Amino acid sequence: MSKIAVIGTGYVGLTTSIGLASLGHKVIGYDLDPAKVEMLQAGQLPIHEPGLGEILTAGIESGNLQITSVLSEAVSEADFVFTCVPTPQDEDGSADLSYVISASAAMKEFLKPGAVVVTKSTVPVGSARVVEDAIGRSDVEVASNPEFLREGAAVHDFNHPDRIVVGARSTEVAQKVMDLYSKIDCPKILTSQATAELIKYASNSFLAIKLSYVNDIAALCEAVGADSQEVLHGMGLDTRIGNRFLEPGPGWGGSCFPKDAKALESIASNFGVGLPLITSAIASNEAAHKRVADRVTDALGGSLSGKTIAVLGLTFKANTDDTRESPAIAVIEHLVRGGAKVVAYDPMVTKYELAGLSLADSAVAAASGADALVVLTEWPVFRTVDSAEILQAMTGNVVVDTRRVLDQAKWQAAGAVFPNSSSRAV
Ligand code: UGA
């Protein structure tokens with residue numbers, strides 16, 4: 001059992017602190033927002049993350065987990081301090097390290113000799129040196145332990161990771177960090193700081209490239225009259241390709257892929273290395289958003305002016321309340337720019353400020369008076385909405401299902417028209 005401080009209680013910080021406490025460590029989570037800290041101390045999660053609330057309560061009750069807004073309280077006894085602060089995107093696409101630097105500078109006077117500061121935030125190659133400089137103490141080590149969890153599946157991913165990666169200047173320090181995960185059985189990589197930092201970016205960017213390719217192939221299927229679902233299924237049976245992460249959609253989004261793909265592009269360009277595949281994947285993703293809006297426009301006779309579009313789903317994927325860089329929002333922006341009024345329903349979003357967009361509190365309410373219905377997030381609950389009731393509430397009958405959640409045959413029988421329905425995906 002080790003004493004651990006976790007700086008930041010966002011998605012990654014919360015899962016890390018709650019997860020490490022569930023492994024038996026004594027964890028103090030820190031956040032500078034007192035309101036958030038109070039909520040967590042009362043056992044309430046500020047985010048929607050399946051299963052996390054239960055282990056938060058268990059951690060607090062067992063005494064393994066405390067949350068504080070006093071930095072010295074979190075850090076001064078800790079053997080390990082995990083930094084889980086945001087690394088937003090700078091104007092030039094690079095990752096902004098200012099929170100990482102200010103957190104490192106703020107904690108330096110409280111760190112006990114021999115403590116290891118572990119960066120979980122996704123930081124550019126070379127950031128470990130920046131953290132070392134910000135801390136400026138020769139009796140403190142710095143390690144990198146990138147996080148690979150998916151929102152909506154964070155608890156599962158914490159307990160059953162595909163791998164754990166720890167980078168440090170010495171194998172001994174990396175091993176000390178890795179030992180915190182001794183109860184977790186998975187491949188474990190001890191490496192240098194730069195390698196650990198790059199494994200994270202290279203993985204996220206590879207997945208983004210894969211999804212752009214999937215969306216491009218799905219668009220080609222549409223054009224040639226092939227069934228994208230069967231094409232992708234057939235591809236995925238090749239074990240070298242794999243059948244996961246092959247679902248076409250309105251584009252990829254979230255707080256990680258768009259930011260990390262641009263940051264890797266920027267890192268590579270700083271080192272004079274071209275990464276044209278990433279550049280193309282980003283462009284392909286923007287084209288995917290526009291393709292959905294174009295399909296709706298074409299189906300409505302070539303213009304969105306004066307049209308009302310019902311949208312199901314605003315989050316960047318299902319099982320999260322996160323709308324950051326959501327492809328749904330990017331598509332809605334295209335629709336609004338084209339002159340449409342958009343009314344959206346999402347089971348987890350009750351507020352979103354965007355001119356031309358209003359929110360409804362049910363799928364039927366969103367559909368009321370709509371010329372077309374567009375599904376943009378794969379919420380399971382959309383599978384069971386009443387097609388007849390929705391189509392009756394609508395003025396038109398065009399349905400575009402970018403996530404393949406609707407039973408197309410059933411909807412068609414109820415009168416829906418799916419543009420380009422020779423293949424089901426956008
Ligand atoms: C992603 C990575 O999957 C995690 O491994 C990583 O730790 C995380 O970023 C991060 O860097 O913190 P996440 O952003 O939660 O996780 O979302 P994903 O589940 O990867 O989905 C990203 C986007 O791809 C979503 O918009 C999703 O709808 C889309 N997607 C995913 C598809 O369109 N098709 C698929 O088959 C899979």
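All of these numbers come straight from a predicted model, not from anything done at the bench.
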Tell me yes or no: between the side chains of Ser192 and Thr195, is some donor less than 3.5 Å from an acceptor?
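A donor-acceptor contact under 3.5 Å links the two side chains.
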Check whether [X] reaches the backbone of [Y] with its side chain - one donor and one acceptor, N or O, closer than 3.5 Å.
X	Y	answer
Ser121	Thr83	yes
Glu49	Glu151	no
Ser284	Ser280	no
Ser127	Pro124	yes
Thr57	Gly53	yes
Thr377	Lys317	no
Ser212	Ala281	yes
Arg324	Phe316	no
Ser104	Val131	no
Lys36	Leu32	no

Would you mind listing every side chain to side chain donor-acceptor pair (under 3.5 Å) that reaches into residues 12-29, with sequence neighbours excluded?
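As it turns out, the side chain to side chain donor-acceptor pair (under 3.5 Å) pairs with a partner in residues 12-29, which skip direct neighbours, are Lys26-Asn64.
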Could you list all the side chain to side chain donor-acceptor pair (under 3.5 Å) pairs where at least one residue sits in residues 263-278, not counting sequence neighbours?
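Listed by first then second residue: Glu265-Thr279.
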Sub-4.5 Å side-chain heavy-atom contact between [X] and [Y]:
X	Y	value
Leu373	Ile390	yes
Cys256	Thr122	no
Ile309	Leu300	yes
Val311	Val343	no
Ile67	Asp31	no
Leu45	Leu56	yes
Leu97	Val100	yes
Gln89	Asp96	no

Once you round to the nearest 0.5 Å, how far does [atom1] of [X] lie from [atom2] of [Y]?
X	Y	atom1	atom2	value
Leu23	Asn159	CG	CG	6.5 Å
Ile4	Phe80	CD1	CZ	7.0 Å
Ile209	Asn204	CD1	CG	11.0 Å
Ile267	Ser94	CD1	OG	9.0 Å

Tell me the closest heavy-atom pair linking [X] and [Y], and the distance in Å.
X	Y	result
Leu275	Ala268	CD1-CB, 3.4 Å
Val6	Cys84	CG1-SG, 3.8 Å
Lys200	Pro146	CB-CB, 3.6 Å
Val231	Ala226	CG2-CB, 4.3 Å
Gly251	Asn285	CA-OD1, 3.1 Å
Ala328	Leu314	CB-O, 3.6 Å

Tell me if the [atom1] atom of [X] is crowded by more than 12 foreign heavy atoms within 6.0 Å.
X	atom1	result
Asp139	CG	yes
Lys188	NZ	yes
Tyr99	OH	no

Please collect all salt bridge (Lys or Arg N to Asp or Glu O under 4.0 Å) contacts where either partner lies in residues 107-128, sequence neighbours excluded, each pair once.
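For residues 107-128: Asp79-Lys112, Lys120-Glu147.
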Give every residue pair that meets the salt bridge (Lys or Arg N to Asp or Glu O under 4.0 Å) criterion with at least one member in residues 233-253, sequence neighbours excluded.
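Residue pairs with at least one partner in residues 233-253: Asp238-Arg240, Glu247-Arg404.
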Arg150: which of Asp157, Asn319, Thr320 passes side chain to side chain donor-acceptor pair (under 3.5 Å):
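Exactly one pass, corresponding to Asp157.
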When you measure from the centre of the six-membered ring of Phe148, is the NZ or CZ of Arg163 under 6.0 Å away and within 45° of the axis?
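Because its charged atom sits under 6.0 Å from the ring centre and within 45° of the axis, Arg163 does stack over Phe148.
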Apply salt bridge (charged side-chain N to carboxylate O under 4.0 Å, His left out) to [X] and list each qualifying residue two or more places apart in sequence or on a separate chain.
X	answer
Asp33	none
Lys307	none
Glu333	none

Decide yes or no on side-chain contact (heavy atoms from CB on, under 4.5 Å) for Phe382 and Asp401, but give the supporting numbers first.
CA-CA 11 Å; Phe382 296 157; Asp401 179 8; over 6 Å; no
Cys186 vs Asp162, side-chain contact (heavy atoms from CB on, under 4.5 Å): CA-CA, chis, key distance, verdict:
CA-CA 6 Å; Cys186 70; Asp162 288 342; over 6 Å; no
Applying ring-ring contact (aromatic ring centres under 6.0 Å, His included) as the test, list every pair that has at least one member in residues 323-366; sequence neighbours left out.
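Pairs touching residues 323-366 that pass the test: none.
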Which residue pairs pass the ring-ring contact (aromatic ring centres under 6.0 Å, His included) test when at least one of the two sits in residues 202-236, sequence neighbours left out?
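Every candidate ring-ring contact (aromatic ring centres under 6.0 Å, His included) pair involving residues 202-236 fails, so no pair, neighbours aside, qualifies.
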Result block: side-chain N/O donor-acceptor pairs under 3.5 angstrom for residues 70-77, not counting sequence neighbours:
residue	atom	partner	partner atom	Å
Glu73	OE2	Thr68	OG1	3.1
Ser76	OG	Ser72	O	2.6

Between Trp379 and His48, what is the ring plane arrangement, given parallel below 30°, perpendicular above 60°, and tilted in between?
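The arrangement is tilted - the two ring planes meet at 30° to 60°.
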Run the side-chain contact (heavy atoms from CB on, under 4.5 Å) test on Val331 and Thr402 for me, step by step, so that the C-alpha distance in whole Å, both residues' side-chain angles and the decisive distance to 0.1 Å come before the verdict.
CA-CA 11 Å; Val331 171; Thr402 68; over 6 Å; no
Just do the side-chain contact (heavy atoms from CB on, under 4.5 Å) check on Leu304 and Val296 with the steps written out, would you?
CA-CA 8 Å; Leu304 292 176; Val296 179; 4.2 Å; yes
Starting from the C-alpha separation in whole Å, work towards a yes-or-no answer on salt bridge (charged side-chain N to carboxylate O under 4.0 Å, His left out) for Arg169 and Glu132.
CA-CA 11 Å; Arg169 275 187 190 270; Glu132 282 169 354; 2.7 Å; yes
Restricting to ring pair (Phe, Tyr, Trp, His ring centres under 6.0 Å), what partner residues turn up for His160, sequence neighbours left out?
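Only His156 meet the ring pair (Phe, Tyr, Trp, His ring centres under 6.0 Å) criterion with His160.
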With sequence neighbours left out, what residues match Ser102 under side chain to side chain donor-acceptor pair (under 3.5 Å)?
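Ser102 satisfies side chain to side chain donor-acceptor pair (under 3.5 Å) with no other residue.
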